[in-house]
Structure formats: C-alpha cells, structure tokens
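Right, one structure below, let's go through it.
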Protein chains: 2
Amino acid sequence: MEAGLAGRSMKKSESTLHDVARRVGVSPRTVSRVVNGESGFSEATAERVQAAIEELGYRPNLLARSLITKRSNTIGLIGVSLTDPFFPEVAEGVQREASELGLTMFFATTDDEPDRLTAALDTMISRAVDGIIAFPVQADASPLVKAADDGVNLVIVHPAEPLPGINSISSDLKAGAIAAVEHLQTTGRSRIAYLGTSTRSPNKRATGYIAAVEGEPRIVTTAPTAEGGLAGTREILKRWPDIDAVFAYNDIMALAAIQVLNESGRAVPNDVAVVGFDNIELSSYVSPPLTTMDMDHVTLGAKSVRLLHSLIENPGKEPEQIVHPVTLQVRRST
Amino acid sequence: MEAGLAGRSMKKSESTLHDVARRVGVSPRTVSRVVNGESGFSEATAERVQAAIEELGYRPNLLARSLITKRSNTIGLIGVSLTDPFFPEVAEGVQREASELGLTMFFATTDDEPDRLTAALDTMISRAVDGIIAFPVQADASPLVKAADDGVNLVIVHPAEPLPGINSISSDLKAGAIAAVEHLQTTGRSRIAYLGTSTRSPNKRATGYIAAVEGEPRIVTTAPTAEGGLAGTREILKRWPDIDAVFAYNDIMALAAIQVLNESGRAVPNDVAVVGFDNIELSSYVSPPLTTMDMDHVTLGAKSVRLLHSLIENPGKEPEQIVHPVTLQVRRST
DNA sequence: GCATCTCGCGTCAACGTTGACGTAGTAGGG
DNA sequence: CCCTACTACGTCAACGTTGACGCGAGATGC
C-alpha cells in the first residue's frame with residue numbers, strides 16, 4: 001500500500017519465526033506449532049499467524065530445523081554420468097518418487113573416479129542427508145561399503161558384484177535372458193546362438209541363456225561394442241551357419257548382428273530372429289525395430305527410493321537385496 | 001584397539017568440534033580455525049587437531065555452518081524432465097562446473113507443471129541455496145520472475161521469451177539458422193526451403209532463414225513432430241518441386257523430410273540436401289547421417305553455473321543475457 | 001468444593017558452528 | 001624498561017528452529 005519507488009528489486013529480507021511472532025503478538029514457539037501443524041493453539045491464533053506468514057512471506061529455514069530434528073528430508077543421488085544411457089532414467093524415477101515422498105534430492109556424478117565418489121559421499125553426509133542412492137557402475141565400491149558401515153542409509157542400484165549386508169536393487173538379468181530365449185523358442189526358433197561378452201566373470205545373461213537353451217549352447221564372446229558385435233556375429237555364422245536366432249548381450253551388439261546377418265544374405269526376422277538387451281532408445285528406430293529386454297530403469301529408480309525411505313523410517317532394518325524384473329519388449333526383429 | 005564385538009555395523013555417532021576440542025585439550029573455536037584454515041594457531045596444535053579429526057572421523061556439519069555464514073555453497077537445478085532429450089546434457093554440464101567450483105547441487109523436475117515449479121523453488125530457497133538454475137521450457141515463467149524479484153540468484157537457461165532484468169543464457173538460434181543456410185549455399189544449393197513450425201510467434205530460426213536465403217523464401221509451417229515433418233515436406237514438394245535443399249526446424253522433422261524425399265525419388269544429399277537442428281543422438285545413426293546444428297548443451301549448462309557463480313560472488317550485479325553459439329555439425333545429408 | 005485434567009500458550013536450552021571480541025604471553029623497537 | 005604489536009588462543013553470543021517443561025485458566029468429575 002505504500003507509495004513511492006517500491007516494486008522492482010526489493011530484496012525481501014528473509015523473515016523468521018520471531019518476526020511472525022512479533023507481528024501477531026505470540027511467542028515464536030506458538031508460530032512454530034502452527035507452521036508444523038502441531039496442537040496447542042486456538043483456531044483464532046492459527047488464522048492470525050497464517051495471515052502474518054502470508055504478509056511477511058515467511059519461509060521456514062530448513063537448515064535450522066534439520067539441525068535440531070536430525071532429519072533433513074533430503075536424499076543424495078550419486079551416479080557416474082548423465083551421458084550414460086541409463087542413468088537419466090534412473091534419476092528420473094528417483095526424482096519422481098522422492099518428490100512424491102516429500103524428499104529433496106542432492107545430485108552428484110563421479111565419472112567413475114573413486115576420489116569423486118568419496119568426495120560426493122562426504123559432502124552429502126556433511127549436509128546431513130537422510131540417505132544416499134548410488135548407481136556406481138564399474139567403480140570401486142569400497143567407499144560405499146565404508147559409508148554403509150558408518151551407518152549411512154545407503155541403497156546401491158545395480159552393484160557390479162553382490163555386496164552382502166548392503167541394501168541394493170538389481171535387475172534380474174538371468175531371468176531376463178531366460179525370458180528372451182523362451183520367447184525365441186515359442187516363436188519357433190531352436191538353433192539359438194548367444195552373442196556374449198566375457199568382461200565380467202559370472203555373467204548372468206550367459207547363465208540364463210545356458211539354462212534355457214535346449215541342446216548344446218552356441219556361445220561366442222567378444223567386446224560389448226558395435227565392433228565386437230560385428231566380429232562376434234561373423235564368428236557365429238562361421239561356426240554355426242544354420243542358426244535361426246541370435247540373443248545378444250546388449251542392443252548395440254544386436255544391431256551389429258542384424259547388419260552382419262543382412263550382409264550374409266539372411267533376412268531378419270524371417271531367416272534369423274534377433275533379441276537384444278537394454279532397450280536403448282535407438283532400438284525402436286532401426287529397421288526392423290529390435291525386440292529386446294527392458295530393464296525399466298525409471299521404476300528401478302523409484303523402487304530404490306522406496307527402499308531407502310523404508311531404511312530411513314525403520315532404523316536398524318535388516319539389509320535387503322531386491323531384484324527387479326526385466327520385461328520382454330517384442331518388436332519386429334523376432 | 002579395543003577388543004570385543006566391534007566391527008560390523010558400528011553406527012559411528014557423529015562427532016563435533018567439541019568432541020575434537022576435548023580430545024586435543026583446546027577450545028572448539030581453535031578446532032574451527034584449523035578446520036577452516038584460518039590463522040591463529042600453532043603448527044603443533046594444528047597437527048594434534050588433525051590427528052584427532054582423523055581418529056574421531058569428524059566431519060563439519062554444513063547445516064550449522066551455513067546457518068551462521070548465510071552461505072551454503074549449494075545451488076539448485078530445476079528442469080522439466082530427464083526424459084527430455086536435452087536436459088540431461090544441460091544437467092551434466094551444470095554438475096561438472098558446480099563440482100569444479102565446490103558447489104553441491106540440488107535437483108528437481110517439474111514436468112512443466114507450474115505448481116511443481118513453485119514447490120521446487122520454495123524448498124530450495126528454504127534450504128538456503130545460494131542460487132538456482134532453471135531450464136523451464138514451456139512452463140509459465142512467472143514463479144521464476146517472482147523468485148528473482150525476491151532477490152534469489154537465478155539463471156534461466158533457454159527462456160521461452162525474453163525476460164528483461166533476469167539473468168539468462170540462450171542459444172543463438174537465429175545465427176544458427178543463418179549458418180545452416182549459408183552452409184547449404186556454399187555447398188552449391190540455391191533453392192532452399194524451410195520446413196518450419198508456427199508454435200512460437202517470433203521464431204528465431206525462421207528469422208535467420210529469411211535473413212540468409214536469397215530470393216523469395218520458401219516456407220511451410222507445420223507441427224514440430226515426425227508427422228508434421230512428413231506432411232510439411234510433401235507440401236514443400238508440391239509447391240516447389242525444384243528445391244535442392246531443406247532446412248528443418250528440428251532433427252525429427254529433418255529425418256521425416258529425408259524419408260519423404262526418398263519416397264519421391266529424390267536422393268539425399270545428391271538431389272536435395274537436408275539440414276536439421278538440435279543434433280539429437282539419433283541423427284548420427286541414421287542413413288545418411290544428418291547434418292545439423294548443435295547447441296552444445298553441456299557447455300551451456302557449465303556456462304550457466306559460471307554466470308550464477310558470478311551473481312553469487314558479486315551481489316547487486318547487473319542482470320545479463322548471454323547468448324551461446326550454435327555450431328554446425330556437418331554429416332552426410334548435405 | 002476440591003482435585004484433576006486439558007487447552008493454550010510461554011520459557012529456556014540446545015542443535016553445531018562461526019563472528020566479534022578479549023587476553024595472556026612473547027618479541028621487538030626505542 | 002616501557003610501549004606496541006603480534007601470536008595463540010579462549011569466551012560468549014548468535015544463526016533459526018524445536019524438545020522439554022512449566023503454568024494459569026477454564027472445564028470436568030465426584
């Protein structure tokens with residue numbers, strides 16, 4: 001209501017509980033009760049306090065609140081890089097679920113450098129996060145293990161190796177591989193090759209393939225890249241020219257396989273069916289669109305928040321290792 | 001050194017400056033000085049303090065520190081969704097630069113809902129961020145304007161419309177369009193059509209095209225989607241069958257254009273050259289790989305952090321509108 | 001009519017840190 | 001020998017909030 005040169009950039013000096021209290025003529029403690037919806041105040045005071053809050057543009061200072069309550073309602077998310085194809089999806093799921101649960105999210109990436117992982121953990125812990133979700137990929141997980149031992153609420157998404165005693169959530173890769181092979185079998189394929197990779201020793205996809213395939217497994221291992229896929233597929237055709245299906249370790253390799261199969265005069269899917277793994281975006285754009293296994297990273301992220309939340313709410317809860325199903329995405333390559 | 005049932009999950013009770021101080025036999029204030037690298041302590045005490053910090057696993061409580069210093073060394077990043085094709089790149093650039101500057105990042109998405117934008121701003125401000133970067137896309141920017149008026153350090157990336165008095169950073173779309181057209185001209189094309197869209201009124205790309213093209217502009221506007229691209233390109237061919245180049249509003253439309261051109265018996269790039277805009281990932285995988293304009297979102301994100309940082313360090317700094325260049329990515333479609 | 005309870009507050013201390021200021025002891029200058 | 005300056009601390013209050021507790025007034029129970 002004041003005349004003059006108001007407007008423009010009035011840097012509103014943050015007001016506090018005390019300012020509101022003074023305005024209304026009650027104690028700060030009473031304002032605090034109203035703000036937090038506790039009991040112990042009359043309807044009339046509540047209204048006057050609310051009015052004063054509006055007028056002053058009061059916002060609670062969550063730092064001060066957290067300092068005393070020992071709860072910040074924040075969680076941290078640590079990943080490798082947003083240029084990784086899956087991490088944005090995981091982060092999206094984390095963000096959605098966190099927002100749903102009223103949690104604010106810290107975010108950091110490590111580029112798989114152990115020092116940066118340690119640094120990210122340190123700052124987040126120093127900022128009193130209630131818990132941390134990590135999607136560490138290849139990196140050395142020992143800083144994470146140490147944090148968990150220190151009592152930090154921690155959930156690891158897709159740990160590279162099993163970490164007993166630590167909360168984690170992984171995709172059911174073996175079941176996914178079995179589903180892929182079974183899909184090929186039910187669509188009439190019987191000579192199914194596995195275009196695999198040997199980078200990690202106990203490869204769950206390979207295990208699933210071996211469990212599901214009938215007769216002698218046809219396995220070639222190579223690098224998990226486009227080049228590896230090209231070479232590996234040629235090797236497969238040389239060793240078993242009569243195959244009628246290829247199950248690949250990932251979509252990039254599957255696309256390479258399609259290319260080699262076409263070059264060799266085999267039509268996909270008529271002569272040879274191809275199933276990939278990962279459901280990268282590209283796989284729905286190529287011709288023929290690729291049948292593949294989808295890990296549903298968004299849901300994976302959301303689930304990891306729910307797990308973390310249950311840790312926060314139930315201190316001393318026993319660690320849990322959740323497996324998340326992988327679903328078949330049927331397109332035109334099978 | 002203690003025997004017994006130690007190990008396992010020793011929830012290390014957070015230690016404070018007081019604990020360290022007691023251990024060393026100095027005052028907390030002295031420990032604080034050592035931790036912050038201030039002056040006023042001897043080399044000997046510093047060493048003993050450091051040792052005690054190690055032993056106790058002391059971490060400064062950044063909430064308490066921020067509460068009193070009024071600086072949190074945190075910034076917030078608000079975007080629409082990580083499923084948006086560009087936001088992860090912006091976020092990656094923001095994260096890298098923030099990490100470089102010692103800033104911790106809050107993160108939130110809005111799905112273009114104004115209420116969620118307001119909510120994200122509110123919590124971040126309540127958590128005393130030093131500044132906020134927003135990548136709002138279509139949403140109503142008024143909550144952002146209000147925040148800026150309240151004195152929040154704010155940088156908007158790619159504001160939908162110019163917001164005078166507010167710090168922003170945008171891609172130089174007009175210059176990009178000019179560069180695209182000039183590239184076509186220098187490679188010998190003279191009858192260049194623009195496959196545009198009419199969603200936003202003063203379209204910078206259209207302006208650039210009109211400025212650079214020689215003779216009468218050939219413009220068709222349609223929806224900025226694959227379907228729009230198909231229909232628009234057919235319209236172009238009907239009206240100007242003799243065109244030798246198409247400049248599209250975005251890559252999706254450019255890819256649709258290539259498809260229609262091929263169907264009409266025109267070879268790309270031999271008969272007609274095509275330039276897109278955005279440099280989406282897909283554009284390097286298609287055949288022929290698409291020549292397009294790259295907005296370099298990672299650098300854009302990094303620059304926005306530097307701008308925000310300068311705001312934080314220089315209170316009262318005049319608002320700045322930065323334009324970031326768009327670069328030509330030549331591939332095989334031209 | 002008195003004890004008891006509940007409501008609607010207020011008071012005080014504490015969370016872990018740093019800013020402002022004080023001070024004992026030593027060094028150096030004249 | 002005194003004054004000044006500096007070093008190496010310590011003390012105290014404050015940041016904005018909430019937990020623990022206290023207390024008077026009115027309602028309720030018997």
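In what follows, chains are A, B, ... by sequence order, proteins preceding strands, each numbered from 1. Below, each value reflects all heavy atoms present in this structure, side chains not excepted, and no hydrogens, waters or symmetry copies.
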- Among C:dT17, D:dT17, C:dG16, which nucleotide sits nearest the side chain of A:Asn61?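 In terms of side-chain proximity for A:Asn61, the closest of C:dT17, D:dT17, C:dG16 is D:dT17.
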- Query: Of the nucleotides D:dC15, D:dG10, D:dT18, which one has an atom closest to the side chain of B:Ser27?
  - Reply: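 Nucleotide nearest to B:Ser27's side chain: D:dG10.
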- Residue-level proximity of residues 28-44 of chain A to DNA chain D when a heavy atom falls under 4.0 Å: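 Those residues are A:Arg29, A:Ser32, A:Asn36.
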Starting at [atom1] of [X] and ending at [atom2] of [N], how long is that distance when rounded to a whole Å?
X        : N      : atom1 : atom2 : answer
A:Arg71  : D:dT17 : CZ    : P     : 19 Å
B:Leu63  : D:dA14 : CG    : P     : 22 Å
B:Asp19  : C:dG16 : CG    : P     : 8 Å
A:Leu56  : D:dG16 : CG    : P     : 14 Å
B:Leu62  : C:dG16 : CG    : P     : 14 Å
B:Arg127 : D:dG16 : CZ    : P     : 17 Å
A:Leu17  : C:dT11 : CG    : C1'   : 15 Å
B:Ile68  : D:dG16 : CD1   : C1'   : 11 Å

Check ion pair [X]-[Y] (N to O, under 4.0 angstrom):
X        : Y        : answer
B:Arg22  : B:Asp19  : yes
B:Glu38  : B:Arg29  : yes
B:Arg116 : B:Asp122 : no

- Message: Measuring to OP1 and OP2 of D:dC9, would you say a side-chain N or O of B:Thr45 lies under 4.0 angstrom away?
- Response: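 Yes.
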- Message: If you compare every side-chain N and O of B:Lys70 against the phosphate oxygens of D:dG16 (OP1, OP2), does one of them come in below 4.0 Å?
- Response: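 It does, given that an N or O in the side chain of B:Lys70 lies less than 4.0 Å from OP1 or OP2 of D:dG16.
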- Test B:Arg306 against every option in B:Glu97, B:Glu100, B:Glu313 by the salt bridge (Lys or Arg N to Asp or Glu O under 4.0 Å) rule and name the one that passes.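 Filter result, single survivor: B:Glu97.
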- Task: Map B:Gly25 and A:Arg65 onto DNA chain D by nearest heavy atom, then report which one ends up closer to the 5' terminus.
- Result: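 By nearest-heavy-atom nucleotide position, the 5'-most residue is B:Gly25.
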